[in-house]
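The basis for the numbers below is simple: all heavy atoms, side chains too, and nothing from hydrogens, waters or symmetry mates. Each chain gets a letter, A, B and so on, in the order its sequence line appears, and its residues count up from 1.
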There are 2 protein chains.
Amino acid sequence: MADIGARDGSSRDKILEVAEALYARRGFAGVGMREVAEAAGLGKSSLFHHFRSKVQLYLAVLERVLGRIDERLGAALASGDAPAAKLDRWTDALVDALAEQPASARLLLRALFEDEQFDTEEWPEGQAVDQRVESLLAGISRLLEEGMRAGAFRRASTPHVVQTLIGAAIYHFASGELGETLLGGPLLSAEAVRTRKAEMKAFFHEGLAARPAQSRSGDDG
Amino acid sequence: MADIGARDGSSRDKILEVAEALYARRGFAGVGMREVAEAAGLGKSSLFHHFRSKVQLYLAVLERVLGRIDERLGAALASGDAPAAKLDRWTDALVDALAEQPASARLLLRALFEDEQFDTEEWPEGQAVDQRVESLLAGISRLLEEGMRAGAFRRASTPHVVQTLIGAAIYHFASGELGETLLGGPLLSAEAVRTRKAEMKAFFHEGLAARPAQSRSGDDG
DNA sequence: GTCTATATCACGATAGAC
DNA sequence: GTCTATCGTGATATAGAC
């Protein structure tokens with residue numbers, strides 16, 4: 001019962017795809033079911049056949065985006081590398097995930113606010129969303145604590161570092177026009193994505209303060 | 001300024017105050033004029049007497065929030081201190097501003113997306129908003145570049161550092177329930193605010209990597 | 001599974017009395 | 001400046017034919 005219609009995803013997937021883009025652009029309240037239906041090439045009532053309510057559709061979109069990101073980040077953490085190298089991989093994976101699905105950063109930031117409008121525990125899709133978030137935070141938190149114990153990272157508040165890492169990545173890719181004005185170019189070009197990774201990793205490794213000449217490892221691309 | 005009836009701000013200020021809280025919680029599309037009016041103790045038509053349209057009200061709320069923040073940050077940059085100390089003050093001021101007005105972080109993040117729904121240049125309030133943002137970004141950018149020239153900061157991409165600073169602050173205070181779960185306590189208590197300032201400044205100064213006291217062997221800790 | 005209605009309600013905005 | 005009443009539109013969601 002839990003996976004009805006999972007095999008025939010032709011309409012369902014199309015709906016999730018167009019809804020993701022629309023919700024990212026104008027948010028939960030700003031997108032009507034009629035608009036989603038038309039963008040998916042369906043009548044409004046057909047859309048209600050696939051998703052019983054607007055909330056359910058929204059949560060399903062969220063879960064799909066979070067699932068993609070969580071899988072990538074989990075893979076980045078699965079290697080046997082040293083903590084600092086793992087954090088670099090995690091950063092690369094997060095930036096890649098956000099950049100490859102341009103809607104995701106905005107969708108997730110919006111979700112931060114909008115899921116307070118309804119109770120996520122009321123819907124099965126909402127519980128899946130909560131689990132994905134928990135998995136994501138637990139993964140990076142575990143890495144940071146391992147790294148501190150091993151002496152690779154300085155002693156800091158793990159939750160605060162997590163907040164800083166996520167904020168630095170997600171805000172950047174959600175900043176849209178404002179960010180592009182600041183950068184003087186696109187946010188999502190291959191070059192801009194490469195630069196963002198390098199700048200973030202340099203920040204994590206060195207902070208901002210100038211330092212006397214010191215040995216460093218290189219960065220990837 | 002060019003405002004009519006600015007002397008009697010009793011209704012107008014009340015409207016802006018309640019609208020700020022509502023827009024922060026549910027966004028532009030999610031809050032109706034009727035709800036704003038009732039929260040301000042007015043009828044809907046009376047609200048339309050003070051603000052000719054919903055867009056105008058929204059932009060006025062935004063401008064007020066940005067104005068408060070821009071003034072604080074400007075003051076932090078006005079001192080004659082060294083760049084690193086100025087950046088610390090700027091960080092303190094940004095964190096204080098976001099923490100003292102709990103709605104502001106969410107409101108500003110939402111505005112990142114939502115002002116693409118209408119043309120800010122079409123309304124005088126929108127132009128004021130754009131000017132505030134420009135002033136804010138120019139201020140911190142100037143400080144960073146001065147600091148790099150003076151050798152206080154390492155050479156980095158100024159716009160990327162700006163994105164990281166803003167993202168680290170604004171995401172944290174907009175993260176709401178999720179952030180409080182992660183922190184295991186409130187985001188806005190005096191202690192939590194103090195901690196956030198310290199963690200952010202430590203990150204800017206040192207990054208995350210442990211700094212070897214003598215050599216890079218990684219055996220300390 | 002998709003469709004054409006339709007029910008019910010809230011939206012932004014306006015008119016005009018007081 | 002605040003109110004009641006209303007216009008026109010579009011929202012979520014349902015009923016039921018095919």
Side-chain angles (χ1 to χ4, degrees), chain A residues 1 3-19 22-23 25-62 110 114-115 117-120 122-123 125-126, chain B residues 3-20 22-23 25-62 110 114-120 122-126:
Chain A
M1 292 284 281
D3 53 325
I4 292 174
R7 196 167 359 230
D8 174 18
S10 59
S11 273
R12 214 187 140 88
D13 286 351
K14 178 71 177 174
I15 292 167
L16 289 171
E17 186 185 319
V18 302
L22 287 169
Y23 285 137
R25 244 197 289 275
R26 287 198 305 283
F28 175 76
V31 177
M33 292 298 263
R34 183 197 145 181
E35 190 177 1
V36 174
E38 282 182 1
L42 288 172
K44 193 173 47 168
S45 294
S46 306
L47 175 52
F48 274 99
H49 174 81
H50 292 280
F51 298 92
R52 259 174 277 163
S53 78
K54 185 181 177 179
V55 170
Q56 194 189 22
L57 168 60
Y58 180 73
L59 291 174
V61 168
L62 252 193
R110 284 185 179 279
E114 301 187 311
D115 65 2
Q117 293 178 50
F118 38 77
D119 191 0
T120 53
E122 221 172 84
W123 302 82
E125 290 85 356
Chain B
D3 38 14
I4 301 163
R7 193 167 7 227
D8 174 19
S10 60
S11 273
R12 213 188 140 90
D13 287 351
K14 178 73 177 172
I15 292 167
L16 289 171
E17 187 185 317
V18 302
E20 179 179 326
L22 287 169
Y23 285 138
R25 242 197 290 276
R26 288 198 305 283
F28 176 77
V31 177
M33 293 297 265
R34 183 196 148 184
E35 189 176 2
V36 174
E38 282 181 2
L42 289 172
K44 193 171 53 166
S45 294
S46 305
L47 175 52
F48 274 99
H49 173 80
H50 293 279
F51 299 92
R52 258 174 275 164
S53 78
K54 185 181 178 180
V55 170
Q56 194 188 22
L57 169 60
Y58 179 73
L59 291 174
V61 168
L62 252 193
R110 282 185 180 280
E114 301 188 312
D115 65 1
E116 293 188 357
Q117 293 177 49
F118 39 77
D119 192 359
T120 54
E122 221 171 85
W123 302 81
E125 290 85 356

- Message: From NZ of B:Lys44 over to P of C:dA15, roughly how many Å is that when rounded to an integer?
- Response: 14 Å
- Return the value, rounded to whole Å, for the distance between atom CE of B:Met33 and atom P of D:dG8. 21 Å
- Looking at B:Gln56, B:Met33, B:Lys54, which one forms a side-chain contact (heavy atoms from CB on, under 4.5 Å) with B:Phe48? B:Met33
- Could you state the atom-to-atom distance from CD of A:Glu38 to C1' of C:dC3 in whole Å? 14 Å
- Task: Nearest 0.5 Å please: distance from the CG atom of A:Leu57 over to the OH atom of A:Tyr23.
- Result: 4.0 Å
- Item | A:Arg26 CZ to D:dG10 C1', straight-line distance once rounded to whole Å | 14 Å
- If you look at every heavy atom in A:Leu47 and A:Ala37, which pair is closest and at what distance? CD2-N, 3.7 Å
- Query: In whole angstrom, what separates B:Leu47's CG from D:dT4's C1'?
  - Reply: 16 Å
- Where the side chain of B:Ser46 is concerned, which of D:dA15, D:dC3, C:dT2 is the nearest nucleotide? D:dC3
- Item | DNA chain C contacts made by residues 48-62 of chain A, counting heavy atoms under 4.0 Å | A:His49, A:His50
- Where do B:Val36 and B:Ala19 come nearest, in terms of heavy atoms and distance? CG1-CB, 4.0 Å
- Check the distance between D:dT2's P and B:Lys14's NZ and give it to me in whole angstrom. 13 Å
- Query: With a 4.0 Å cut-off on heavy atoms, is B:Val36 in touch with a base, just the backbone sugar-phosphate, or nothing at all?
  - Reply: nothing
- Message: How bent is the helix from C:dG1-D:dC18 to C:dC18-D:dG1, measuring the angle between the end axes built from five pairs each, rounded to 10°?
- Response: 0°
- Quick one: closest heavy-atom pair of B:Ile15 and B:Ala40, and the distance? CG1-CB, 4.0 Å
- How far apart are the closest heavy atoms of A:Ala39 and A:Val18, and which atoms are they? O-CG1, 3.7 Å
- Mark yes or no for a side-chain to base donor-acceptor pair under 3.5 Å between A:Ser45 and D:dA13, with no hydrogen or angle criteria applied. no
- Task: Take the protein atom CG of B:Leu42 and the nucleotide atom P of D:dT2, then report the distance between them rounded to whole Å.
- Result: 5 Å
- Query: Is a donor on one side and an acceptor on the other found under 3.5 Å between the side chain of B:Arg110 and the backbone of B:Arg25?
  - Reply: yes
- Message: What is the separation between atom CZ on B:Arg34 and atom C1' on D:dA11, rounded to the nearest whole Å?
- Response: 15 Å
- Query: Going by atom types only, do A:Glu114 and A:Tyr58 share a side-chain donor-acceptor pair under 3.5 Å?
  - Reply: yes
- Could you go through the side chain to side chain contact (heavy atoms under 4.5 Å, CB included) check for B:Leu16 and B:Glu20 one step at a time? CA-CA 6 Å; B:Leu16 289 171; B:Glu20 179 179 326; over 6 Å; no
